[in-house]
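These numbers come from a predicted model, not from an experiment.
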Amino acid sequence: MDAWYKEIDKYLEKLKTVTTEEDFADILKSQENWKKFKDSEVEAVSIIMDKQGTMFQNSKVGMQSGLIKQRALFLKEFYEILS
């Protein structure tokens with residue numbers, strides 16, 4: 001997950017260089033909204049998976065990592081379109 005978070009940070013910095021201040025502020029707002037969504041999804045997955053036992057912990061981490069990966073790839077694609 002750490003590697004995907006680094007990708008998110010990297011592409012946010014890159015997006016800052018190819019957008020106006022106003023547009024980048026909107027991107028940051030979107031990022032904050034995404035974090036709230038991610039936290040809600042992680043909480044829901046945790047509640048369900050924690051009831052399933054220890055075998056499901058790997059699945060839980062995989063689902064969480066998938067959310068972060070998806071965001072990183074979205075930001076990368078967005079940057080590539082704009083640059």
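- In this structure, the side chains of Asp9 and Glu13 stay at 4.5 Å or more apart for every pair of heavy atoms.
- Alongside Phe78, the hydrophobic cluster contains Met1, Trp4, Tyr5, Ile8, Tyr11, Leu12, Leu15, Val18, Phe24, Ile27, Leu28, Trp34, Phe37, Val42, Val61, Leu67, Ile68, Leu73, Phe74, Leu75, Tyr79, Leu82 (criterion: ILVMFWY side chains under 4.5 Å).
- Salt bridge Lys38/Glu41: absent, no basic N to carboxylate O contact under 4.0 Å.
- Distance CD/Gln64 to NZ/Lys69: 15.5 Å, rounded to 0.5 Å.
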The test is side-chain contact (heavy atoms from CB on, under 4.5 Å); show your working for Arg71 and Ser30 and say whether it passes. CA-CA 11 Å; Arg71 181 63 176 183; Ser30 171; 3.3 Å; yes
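- In the displayed structure, Glu77 atom CD is contacted under 6.0 Å by at most 12 heavy atoms of other residues, nucleotides or ligands.
- Taking Lys16 as the reference, nothing meets the salt bridge (charged side-chain N to carboxylate O under 4.0 Å, His left out) condition, with sequence neighbours excluded.
- Summarising the geometry, atom CG belonging to Asp26 is positioned 6.5 Å from atom CD belonging to Glu22; distances are rounded to the nearest 0.5 Å.
- Residues Ser46 and Met63 form no side-chain contact, since every pair of their non-hydrogen atoms from C-beta on lies 4.5 Å or further apart.
- By the neighbour-count criterion of 12 heavy atoms within 6.0 Å, atom CG of Asn33 is densely surrounded, having more than that number from other residues, nucleotides or ligands.
- Taking a cutoff of 4.0 Å between a charged side-chain nitrogen and a carboxylate oxygen, Lys35 and Glu32 qualify as a salt bridge.
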